[in-house]
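Have a look at this one.
Worth knowing before you read on, the calculation uses all heavy atoms, side chains too, and leaves out hydrogens, waters and symmetry mates.
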Amino acid sequence: MATAQNKPMDLLRFATAGSVDDGKSTLIGRLLLDSKSIFEDQLEAVEATSQSKGYDYTDLALLTDGLRSEREQGITIDVAYRYFATPNRKFIIADTPGHVQYTRNMVTGASTADLGLVLVDARQGLTEQSRRHALILSLLRVPHLVLAVNKMDLVDFSEEVYDKIHAEFTQFATKLNIPDLEVIPISALAGDNVVNRSDNMKWYQGPTLMHHLEHVHVASDRDLIDARFPVQYVVRPKSDEFHDYRGYGGQVAGGVLKKGDEVVVLPSGMTSTIAGIDLFDKEIDLAFPPMSVTVRLEDDVDVSRGDMIARVRNAPTATQDIDAMVCWMTTAPLRPKQKLAIKHTTRTGRVMVKDIQYRLDVNTLHRDQETKELGVNEIGRVQLRCTVPLLCDPYSKNRTTGSFILIDEATGVTVGAGMING
């Protein structure tokens with residue numbers, strides 16, 4: 001029987017988003033403080049810095065805004081990752097920027113998130129940036145969304161203000177693909193409804209933010225039907241103890257793998273049976289996302305990095321023609337006929353841009369079909385032709401096998417992120 005000490009805890013990755021000065025960094029500081037996830041000397045340093053700046057409060061944003069330019073300007077520029085845990089769950093927070101020129105940073109932070117946390121200032125209500133962030137989270141298929149109506153202390157904890165924002169956002173969300181939405185009124189600076197329930201908003205009967213984060217169900221968000229195992233490394237120890245050992249290491253991207261399953265290795269199409277699944281130094285009965293394991297096969301088939309192990313009757317599509325939504329991340333624009341490197345799961349190749357169908361206005365959802373290029377931080381629908389077949393699924397079905405990055409071959413810099421359309 002698992003005790004409280006050795007009980008495995010699940011992990012929630014969530015990304016914060018919102019306009020500048022909505023209080024994202026302050027909220028994360030409050031979560032860390034009230035969940036007792038920071039050391040006393042860290043808190044003392046933040047208090048001392050706040051006093052030296054003449055603040056009459058402790059600036060909790062200093063816990064996350066790590067870059068000097070962030071502290072000087074009072075804004076978030078880069079994605080800051082923070083890790084903390086409660087007795088119920090482990091958390092990874094991606095604190096993403098609010099400025100429109102840092103859309104690429106937000107896409108990076110939210111791409112692996114289970115939950116998106118959009119902050120709005122109760123005084124301002126929904127802004128253009130609030131809608132843009134919700135749209136991007138929807139495009140990235142983040143399955144859970146929380147709208148945190150912050151700074152309720154500055155509107156006298158008004159239920160009327162909350163109800164108006166709640167109704168406006170709920171109506172906007174009907175245009176997007178948001179399967180799970182929660183709207184929570186909070187004050188990050190004072191701590192109302194963040195970890196502890198607020199005495200100032202007795203009219204609100206829903207969960208506190210921390211309670212929702214601890215209990216939102218994410219296990220069923222992953223695709224447990226379509227078995228996908230991109231091979232990352234061929235394990236051949238060649239030691240006396242494991243002289244004939246041959247396994248294939250990687251992270252399960254979808255479905256459940258079990259000993260005895262009949263599988264196909266793509267793109268070769270060779271079939272075999274799973275002889276065993278190893279996790280560190282022990283054999284396990286089954287593996288599921290996002291476990292990293294070594295799979296052994298009964299037959300000595302040719303398998304190498306970039307191949308994919310899948311079920312015989314449920315394999316991904318192998319295609320060289322890719323239709324995807326691309327977020328462009330560099331100042332030199334993306335244009336037709338351009339050649340780039342592509343990385344999809346563990347497979348790499350080269351692509352040529354065949355066509356840019358439209359640029360998506362992330363504020364109005366308008367599709368600009370006249371555009372012939374994508375600028376920095378812009379998102380559009382792009383047709384690509386790849387030199388090698390990619391073993392892919394639609395992004396809506398599997399966020400791992402349905403995504404890729406584009407790389408500048410000359411510099412090795414990631415210049416784009418793509419989501420494959422169904």
Side-chain angles (χ1 to χ4, degrees), residues 141 219-238 242 244-280 282-324 341-351 384-405 418-422:
R141 301 281 176 170
S220 59
D221 296 333
R222 297 188 176 95
D223 180 3
L224 297 176
I225 298 170
D226 309 298
R228 302 287 185 265
F229 186 72
V231 176
Q232 189 167 353
Y233 188 70
V234 179
V235 182
R236 289 293 308 275
K238 296 184 180 178
F242 301 103
D244 297 317
Y245 186 96
R246 184 185 183 92
Y248 309 103
Q251 185 176 48
V252 184
V256 179
L257 300 174
K258 297 193 296 291
K259 184 177 180 178
D261 281 353
E262 189 182 358
V263 293
V264 60
V265 178
L266 299 170
S268 69
M270 299 291 289
T271 58
S272 185
T273 304
I274 295 179
I277 302 170
D278 298 324
L279 178 67
F280 301 115
K282 64 182 179 185
E283 187 172 342
I284 56 176
D285 297 327
L286 53 86
F288 49 85
M291 293 174 67
S292 295
V293 296
T294 301
V295 173
R296 289 179 282 113
L297 301 179
E298 295 279 7
D299 305 289
D300 193 14
V301 295
D302 182 17
V303 184
S304 57
R305 177 181 171 85
D307 290 352
M308 187 176 291
I309 296 173
R311 291 259 167 73
V312 175
R313 294 179 185 82
N314 181 4
T317 304
T319 180
Q320 289 176 258
D321 292 298
I322 307 298
D323 173 20
I342 188 170
K343 186 173 188 301
H344 170 262
T345 64
T346 57
R347 199 168 180 78
T348 55
R350 300 177 72 225
V351 293
L384 303 169
R385 174 73 176 177
C386 191
T387 55
V388 295
L390 300 186
L391 308 162
C392 56
D393 296 290
Y395 186 78
S396 58
K397 188 176 180 181
N398 189 311
R399 289 168 74 191
T400 302
T401 57
S403 62
F404 59 84
I405 58 171
M419 297 152 278
I420 298 168
N421 294 315

Partners passing side chain to side chain donor-acceptor pair (under 3.5 Å) against Lys343 (at least two apart in sequence or in another chain):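 Checked Lys343 against side chain to side chain donor-acceptor pair (under 3.5 Å); zero matches.
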List the steps and the verdict of side chain to side chain contact (heavy atoms under 4.5 Å, CB included) for Ser268 and Asp302. CA-CA 8 Å; Ser268 69; Asp302 182 17; over 6 Å; no
Atom pairs and distances, donor-acceptor, side-chain atoms in residues 303-310, under 3.5 Å, two or more places apart:
unit_1, atom_1, unit_2, atom_2, d
Arg305, NH1, Gln232, O, 3.0
Asp307, OD2, Ser304, N, 3.0

Go through the structure and list residues passing side-chain contact (heavy atoms from CB on, under 4.5 Å) with Ser396, not counting sequence neighbours.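 Listed in chain order: Arg141, Pro394.
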Non-neighbouring partners of Asp321 that pass side chain to side chain donor-acceptor pair (under 3.5 Å), sequence neighbours left out: Lys354, Arg385
Side chain to side chain donor-acceptor pair (under 3.5 Å) involving Thr346 - partner list, sequence neighbours excluded: none
Looking at residues at least two apart in the chain, or sitting in another chain, which of them share a side-chain contact (heavy atoms from CB on, under 4.5 Å) with Thr387? Arg350
Contacts of type salt bridge (Lys or Arg N to Asp or Glu O under 4.0 Å), residue Arg228, not counting sequence neighbours: Asp393
Here's a test for you: under side chain to side chain contact (heavy atoms under 4.5 Å, CB included), which of Ile420, Leu384, Asn421 qualifies with Asp323?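 It is Asn421, the one option of Ile420, Leu384, Asn421 that forms the side chain to side chain contact (heavy atoms under 4.5 Å, CB included) with Asp323.
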Let's go through Ile284 and Met291 carefully: what are the C-alpha distance in whole Å and the side-chain angles of both, what is the deciding distance for side chain to side chain contact (heavy atoms under 4.5 Å, CB included) to 0.1 Å, and is it a yes or a no? CA-CA 11 Å; Ile284 56 176; Met291 293 174 67; 3.6 Å; yes
What distance separates Met270 CE from Leu297 CG, expressed to the nearest 0.5 Å? 11.0 Å
Mark yes or no for whether His344, through its side chain, and Ile405, through its backbone, hold a donor-acceptor pair below 3.5 Å.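 Not a single qualifying donor-acceptor pair exists.
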In Å, rounded to the nearest 0.5 Å, how long is the span from SG of Cys392 to CD1 of Ile322?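 If I round to the nearest 0.5 Å, the distance is 4.5 Å.
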What side-chain donor-acceptor pairs closer than 3.5 Å can you find for residues 256-263, not counting sequence neighbours?
unit_1, atom_1, unit_2, atom_2, d
Lys259, NZ, Glu283, OE2, 3.4
Asp261, OD2, Lys258, N, 2.9
Asp261, OD2, Arg311, NH2, 2.8

Side chain to side chain donor-acceptor pair (under 3.5 Å) with Asp226: which residues, sequence neighbours excluded?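 With sequence neighbours excluded, Asp226 shows a side chain to side chain donor-acceptor pair (under 3.5 Å) to Asn314, given in chain and number order.
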Only pairs under 3.5 Å count here: list side-chain donor-acceptor contacts from residues 244-253, not counting sequence neighbours, and write none if there are none.
unit_1, atom_1, unit_2, atom_2, d
Tyr245, OH, Asp278, OD2, 2.5
Arg246, NE, Tyr248, OH, 2.9
Gln251, NE2, Pro290, O, 2.9

